[in-house]
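Note that these values count all heavy atoms, side chains included, but never hydrogens, waters or copies made by symmetry. Throughout, a chain's letter reflects where its sequence line sits, starting with A, and its residues are numbered from 1.
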Protein chains: 2
Amino acid sequence: MEQLEKLIEHIIKRVNLSLREFKNKEPHFEASLYLENMTRIDDLLKYYAYYGIWSHHPLQFYFNDSNLGGTYFLGRCEVDHSVLYNCDVRGDELKEKGAVFKHGDEEVIIKRPEIIRIRNCFLVKTLVHNYSHWPEEFYLYLIKNTISAPYANIHGSPTDGCFLGAFSTVDLTHVHDCIIGRYAYVQVGDLSHCRVESGRVWIRVPDDNPGGYFEFNYQHDINNLEQYVSFEPGRGVSGKFMELVDSRKVDLQELYEVVDRKHQVPVPETTHVNRYAMLIGRGNQIGENVLISQRAFIENATLGKGANAQENCYIGFSNLKGYNVTAHGASISYSELGERTFVGFNSYLLGKPTQPLLVGEQCIIAPHTIIDLEESVTVPPRHLVWGYIRNARDLEEHSMSLEELAEIETDDEGIKMGAMEFKGSGKLFVNAFQSRIEHILKDNGALYDGTDSTLGHAQKGQEISFNIMQPYREGAEKGIYPTIYIRSSDTEKAVR
Amino acid sequence: MEQLEKLIEHIIKRVNLSLREFKNKEPHFEASLYLENMTRIDDLLKYYAYYGIWSHHPLQFYFNDSNLGGTYFLGRCEVDHSVLYNCDVRGDELKEKGAVFKHGDEEVIIKRPEIIRIRNCFLVKTLVHNYSHWPEEFYLYLIKNTISAPYANIHGSPTDGCFLGAFSTVDLTHVHDCIIGRYAYVQVGDLSHCRVESGRVWIRVPDDNPGGYFEFNYQHDINNLEQYVSFEPGRGVSGKFMELVDSRKVDLQELYEVVDRKHQVPVPETTHVNRYAMLIGRGNQIGENVLISQRAFIENATLGKGANAQENCYIGFSNLKGYNVTAHGASISYSELGERTFVGFNSYLLGKPTQPLLVGEQCIIAPHTIIDLEESVTVPPRHLVWGYIRNARDLEEHSMSLEELAEIETDDEGIKMGAMEFKGSGKLFVNAFQSRIEHILKDNGALYDGTDSTLGHAQKGQEISFNIMQPYREGAEKGIYPTIYIRSSDTEKAVR
């Protein structure tokens, strides 16, 4: 066990060094406070790690001096001197050699394939999704000297010297020596040496962007946030979000006990249910072209044609009519969602059995939105929804039709609606969201027609096989994994 | 799938080349005849391979361009361009750097650790156990250009350019360009460019050995052998041995479906039941210091203190009183065995529920002995038993007390008893067997007293963890495993 303890100590030191400027500022940062009791070391030994093998993916792994407990790897990943714990590190969108990297009007041809590199990190139940948009280093998807609390999302976002709070998301943002508060969401391109407040939702395209700019800001009430995501040093993360996650734990356990696993319910041929996804209850109805990713949890729900349930999401007692995107970590209960609705990262939608949440078609629920209803609420079609909503009155203050939004064009002052501020081009904002949703649907096979191979890759995932890795169980190396290299035979030949 | 088919084709060509001298001799040898229908390619995709990780073993694996279906690896193994199928490749006795290799009076210090190397092979349900006694190359445990039919044992025996028939055993013998017939057993030091008849049991110490020599020979009746181990080109292996193996298949399947597995019955702390061993029925009683290895199958049996049930053995409805060695592939049914009895490789002991086989203490059942009773038979203590036995009369012709045997000292003519011939020093023969049995008991923890670490390593195996590997499931590489290197972190540092 000594090696694992030393490893954790080393990671804490590295992160403290990177974030030394926050040591003496209120609130004082000290990495060890976030680890103490958050994860007992024994938990790291309970789960095996695994990686996916299929011919449609680049395959190249390197693990050394690490604990990988529960982690799911896909693609090209190198991990050393790290503790990952129930993480998904999916390199399925890594840039290939010969591809074109675009940034604004600039185009660069990729000369060597992109790789995910994780070093001196402690990531707890974190999602790491690749495709870095960082123009300074697009060959390397780097997560370095970073600690993340439970259920943070690192999405297309290299991080370096960071602390990511519980249920926070860094999305398409390169973060360097930053603290991202709990349940904060950033999609801002670049971020360096700053602290993002807990509960802040911050989306911007910088004003030097040739196609125009915008900035969206929302600040959750920090006291109110406590009941959803709370953190106390030494006691770890609690609140309604953790309660929901914990309630699924026992059921998910079953996924890990067997080596191979069949779907529990029949699904159409064009639909892909990941072997590590959970479908529970007798009421699930799954349509064509659906993708249900690993650790997604579907309970007595209807997923219409082309619906996309991403990693760690929960969809229960709800009806999603089709082409819905439920992003990583989002949860939807007692709701009815029209076609092409989008529910952003870590959003929390909770209707009641007799007073459901009804969302019209083509709505966009912004990332990190909490809709926790005390009465039934209906969101009209084509609306953006954000913030915190408990009733119809809240909805009025926290939503706007996409048409109205697209009309907005502000100066530096911007407009305010409650705790929301918006500056710049509303049209650009709406377009950016919509094109991203279309991109997700296409990439995940929602538009698959059985012949055109450019329409989606999800269907191929049926034939993935999973390899299981476990650590030493005793001695000084207890909890540490041996050094493992895995390469496709083709890569191997190229290397020789 | 193309790559796997090409691999099999290549292996067949290599083995045919090595054994070209047997192509035009009766019976004609053609490797493809032994593979056709013996294993359907689909079977190779059904099972995952796995390797054990624990701190008490050297850990170093390399797999490339291979199918490894179902294979269990332990120790230092390199496998490329091979098909292994339900094999155990256990490198747990590999020579370490600094150890002393003895051959007769000569001693050599090992300068680099021994490694198992398997290349261009097709091994079906074969056991490969290491510790080469081959004086010409003791760093390398080589299995090359070799095809083996089901349930062959390769035990401390490098092979090169060989065909091993079903249920054959090469034991402490280096075989080069040889055909070993089905159910033949050889323990002869070195064998080159020859064919060993099916059903021959051949044990010798060569006459240039400074400590003396002996040679034991027994030839099973080849027509009678048909009912136990039969082979027909295109139809594969059949007979009573395969029937027994097949009857256990469904139960064994369960072992592979789960990732981790607890003992099904409580066993003493000093006893080790491998996670891939099977205990079935309510009548099992397992004593202290017992070792039950992977794929061993125990059914309503009593295993007394220090009993050792090796890989692929079957012990059912029997009582083993203690310190019994049941070697690889042996089966024991409706029998009672006194203390310190030894049952050799692939022996077949079958009493009847009301007419059991009774074996006295310290008896040695020679490898490849068939005792298939039509009446109850009692073997007196301290006897060697060999050949084929159905009743008390057969026993008289196929057994001798160890004391009587130790008195024998023949010239080149030797002595005959039925189909058995013996030449040389009976004392040397008895001593060799007895010291090997003591060695096995010691190595496998039968004598473990809880403190002296030189007495056995079996108990350490409790804390082994298993990693699971699977092949590509589709495309040209279907059935092929990616290239995988695994090293302990210590080895890794030494390599850098």
Side-chain angles (χ1 to χ4, degrees), chain A residues 3 7 45-66 80-81 254-261 460-493 495-496, chain B residues 3 7 45-66 80-81 254-261 460-493 495-496:
Chain A
Q3 281 200 33
L7 171 57
L45 307 176
K46 267 193 217 157
Y47 303 96
Y48 60 78
Y50 54 106
Y51 56 91
I53 291 182
W54 61 333
S55 61
H56 303 279
H57 261 189
L59 179 72
Q60 191 180 323
F61 300 106
Y62 167 66
F63 309 108
N64 175 246
D65 279 344
S66 307
D80 54 4
H81 230 65
E254 181 190 323
L255 299 177
Y256 296 91
E257 285 169 0
V258 296
V259 175
D260 285 316
R261 192 161 160 280
K460 298 176 193 162
Q462 312 272 18
E463 296 290 352
I464 200 165
S465 67
F466 290 97
N467 285 10
I468 289 171
M469 301 178 282
Q470 304 202 62
Y472 286 99
R473 284 199 184 154
E474 25 76 87
E477 287 183 306
K478 183 173 174 178
I480 295 286
Y481 284 64
T483 300
I484 306 178
Y485 299 78
I486 300 116
R487 293 189 183 126
S488 71
S489 296
D490 285 349
T491 319
E492 180 68 6
K493 275 161 202 154
V495 169
R496 281 176 189 162
Chain B
Q3 282 199 33
L7 171 57
L45 307 176
K46 266 193 219 159
Y47 303 96
Y48 61 79
Y50 55 105
Y51 56 90
I53 292 183
W54 61 331
S55 61
H56 303 280
H57 261 190
L59 179 71
Q60 191 181 321
F61 299 107
Y62 166 67
F63 309 109
N64 173 247
D65 279 345
S66 307
D80 55 3
H81 229 67
E254 180 190 323
L255 300 177
Y256 296 91
E257 285 169 1
V258 296
V259 175
D260 285 315
R261 192 160 160 279
K460 298 178 194 162
Q462 312 272 18
E463 295 291 351
I464 199 164
S465 69
F466 291 96
N467 285 11
I468 289 171
M469 302 177 283
Q470 303 202 62
Y472 286 99
R473 284 200 183 152
E474 25 75 88
E477 286 184 306
K478 183 173 175 180
I480 295 285
Y481 283 62
T483 299
I484 306 178
Y485 300 78
I486 299 117
R487 291 189 185 128
S488 72
S489 296
D490 285 349
T491 319
E492 180 70 4
K493 275 161 202 153
V495 170
R496 281 177 191 162

**Complete:** Rounded to the nearest 0.5 angstrom, the OH-CD1 distance for A:Y472 and B:I464 is 11.0 Å

**Fill in**
All heavy atoms of A:S465 vs all of B:P471, minimum pair found to be OG-O, 2.8 Å

**Asked** CH2 of A:W54 to NZ of B:K478: how many Å apart, nearest 0.5 Å?
**Response** 16.0 Å

**Request:** Enter the distance from A:T483:OG1 to B:Q60:CD here, rounded to the nearest 0.5 Å.
**Result:** 11.0 Å

**Message:** Please determine whether side chain to side chain contact (heavy atoms under 4.5 Å, CB included) holds for the pair A:Y485 and B:I484, giving the CA-CA distance in whole Å, both sets of side-chain angles, and the decisive distance to 0.1 Å.
**Reply:** CA-CA 6 Å; A:Y485 299 78; B:I484 306 178; over 6 Å; no

**Asked** Between CE of B:M469 and CD1 of A:I53, what distance do you get to the nearest 0.5 Å?
**Response** 9.5 Å

**Item:** Trace of the side chain to side chain contact (heavy atoms under 4.5 Å, CB included) decision for A:V259 with B:I468
**Value:** CA-CA 8 Å; A:V259 175; B:I468 289 171; 3.7 Å; yes

**Item:** Interchain contact, B:Y48 with chain A, by part (heavy-atom threshold 4.5 Å)
**Value:** side chain

**Message:** Just so I know, are the side chains of B:F61 and A:P482 near enough to count as touching, which here means a heavy-atom distance under 4.5 Å?
**Reply:** no

**Item:** Approximate separation, where rounding is to 0.5 Å, of B:R473 CZ and A:S55 OG
**Value:** 12.5 Å

**Message:** Using 0.5 Å steps for rounding, measure from the CD1 atom of A:I486 to the OH atom of B:Y481.
**Reply:** 13.5 Å

**A:Y256, part contacting chain B, at a heavy-atom distance under 4.5 Å** = backbone

**salt bridge (charged side-chain N to carboxylate O under 4.0 Å, His left out) pairs, two or more places apart, involving residues 46-55 of chain A** = A:D43-A:K46

**Item:** B:Q470 side chain reached by A:D260 side chain, heavy atoms, under 4.5 Å
**Value:** yes

